2 protein chains.
Amino acid sequence: METIAIGELSRRTRCNIETIRYYERIGLLPMPARRGRYRSFGLADVARVHFVRRARELGFTLDEIRALLGIATAEDMACGDAREIAASHLQQVRARITDLRRMERVLADTVRACDAGDQVGCPLITTLSATAQLGTI
Amino acid sequence: METIAIGELSRRTRCNIETIRYYERIGLLPMPARRGRYRSFGLADVARVHFVRRARELGFTLDEIRALLGIATAEDMACGDAREIAASHLQQVRARITDLRRMERVLADTVRACDAGDQVGCPLITTLSATAQLGTI
DNA sequence: CTACCGTCTGTAGGAACTACAGACTCAACC
DNA sequence: GGTTGAGTCTGTAGTTCCTACAGACGGTAG
């Protein structure tokens, strides 16, 4: 079977070499075989790194990914558990979007005020100096 | 004029004591006067910490806030510069929202597939194992 | 006098990488 | 055979924005 070096794994997965070694260090990837001093990877490693990177793109934390990997490779794949992780993560993503939309509104209003230029003083500085808490806006 | 201790400053600004000291350490807050060994703050410090916290709530980085503080306290307040910082930050916020919405869509679809339960295997694991990059979805 | 709270300094940790330094290995080329 | 160059190795330190101690000191109330 084909074995590849870390550089090739990095190229195929678009994952930084240092990041791959980091994933190994924290136990997300199994310790690979060695050819001499060099790490020697197989196709399963390519798939696993792809999996991790895709999950990261979806914003899963490394701890969540660790759990997902456990589920993915378990004999009796606990799909319900995976659903739970995804659903809880989805909630967090939605909360974050709500946050960011609030920020966006305030920022956009402020920049608009800047462009209108009919205020005394700088609208942004005024916003940041205002007594009102953002939470109450 | 009134002077307050760090605990009172923390209470008034809802900013952690340790965080206040941290802001001082990195130069976001001026080194305060001391009464004996204890820091002694004035109303300007209250306003400044409020400013920083509000800017953080809007997602500005501490470096951006440093610049904004410079502008806010300059003689000839460079409002245009502040507008630039805000506009550029607004762009980043919007980009982040776009990212998160993509994540949300994939996650929501996957959880829905889980609930439908008409797939072979776990939809989440399948999604993460798929060859397609998220960027291409 | 002794509790007790507040404050002090300095350092370490967390998340998820990234970026070196300095040493080694391996294949190719002359 | 020598040497270049690319790849890899380990180990450590930096990034951002805090947060959490440990261990010592200050000021006040009972």
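No experiment lies behind these values; they were computed from the predicted model shown. Naming convention: chains lettered A, B, ... in sequence-line order (proteins, then strands); numbering from 1 in each chain. As a basis for the values below, the full set of heavy atoms in this structure was taken, side chains included, without hydrogen atoms, waters or symmetry mates.
Here the side chain of B/Ile17 is nearest to one of D/dC17, C/dT7, D/dG26, namely C/dT7. Nearest nucleotide to the B/Arg53 side chain, out of D/dC18, C/dA16, D/dT12: D/dC18. The side chain of A/Tyr22 has C/dA16 as its nearest neighbour among D/dT8, C/dA16, D/dT12. Between D/dA20, D/dC25, C/dT7, one nucleotide has an atom nearer to the side chain of B/Ile6 than all others, and that is C/dT7. Distances were taken from every side-chain heavy atom of A/Glu18 (C-beta onward) to each of D/dC25, D/dC17, C/dC20; the shortest belongs to C/dC20. Candidate nucleotides D/dT19, D/dC9, C/dA16 were compared by shortest atom distance to the side chain of A/Arg21, and D/dC9 ranks first.
Of the possible polar contacts, one joining the B/His89 side chain to the B/Leu58 backbone as a donor-acceptor pair under 3.5 Å is found. A distance-only check finds a donor-acceptor pair linking the side chain of B/Thr127 to the backbone of B/Pro123 [under 3.5 Å].
Along DNA chain D, the nucleotide nearest to B/Val52 and the one nearest to B/Gly36 differ in position, and the one closer to the 5' end is contacted by B/Val52. For A/Gly7 and A/Arg25, each mapped to the nucleotide of DNA chain D holding its nearest heavy atom, the one lying further toward the 5' end belongs to A/Gly7.
Scanning atom types as modelled, no donor and acceptor separated by under 3.5 angstrom connect the side chain of B/Tyr38 and the base of D/dG27.
Ion pairing between B/Glu8 and B/Arg11 holds under the 4.0 Å rule for side-chain N and carboxylate O. A salt bridge does not link B/Arg48 to B/Asp45: none of the charged side-chain nitrogens sits closer than 4.0 Å to a carboxylate oxygen.
B/Tyr23 and B/Arg53 get closest at one heavy-atom pair: OH-NH2, 2.6 Å. Between B/Leu90 and A/Ala108, the closest heavy-atom pair is CD2-CA, 3.8 Å.
For the OP1/OP2 pair of D/dT10 and a distance below 4.0 Å, the side-chain nitrogens and oxygens of A/Arg34 include at least one atom meeting the criterion. For D/dC18, the OP1/OP2 oxygens have a side-chain nitrogen or oxygen of B/Tyr23 closer than 4.0 Å. A sub-4.0 Å separation between OP1 or OP2 of C/dA16 and a side-chain N or O of A/Thr19 is absent. Checking the phosphate oxygens (OP1, OP2) of C/dT7, no side-chain nitrogen or oxygen of B/Arg39 falls inside 4.0 Å. Residue B/Arg56 places at least one side-chain N or O under 4.0 Å from the OP1 or OP2 atom of D/dC18.
If you take CD1 of B/Ile26 and C1' of D/dT16, they are 10 Å apart, rounded to a whole angstrom. Computed from coordinates, the A/Ile20 CD1 to C/dC17 P distance equals 12 Å when rounded to whole Å. Counting to the nearest Å, the C1' atom of C/dG10 and the CZ atom of B/Arg37 are 12 Å from each other. At whole-Å resolution of the value, CD in A/Glu24 and P in C/dA16 are 18 Å apart. Rounded to an integer number of Å, the gap from CZ of A/Arg14 to P of C/dT18 is 15 Å. To the nearest angstrom, P of D/dG7 lies 16 Å from CZ of A/Phe41. When the C1' atom of C/dA16 is taken as reference, atom CZ of A/Phe60 falls 17 Å away, rounded to whole Å. The separation between B/Leu28 atom CG and D/dC17 atom P is 9 Å, rounded to whole Å.
Residue A/Asn16 is classed as a sugar-phosphate contact, given heavy-atom separations below 4.0 Å to backbone atoms only.
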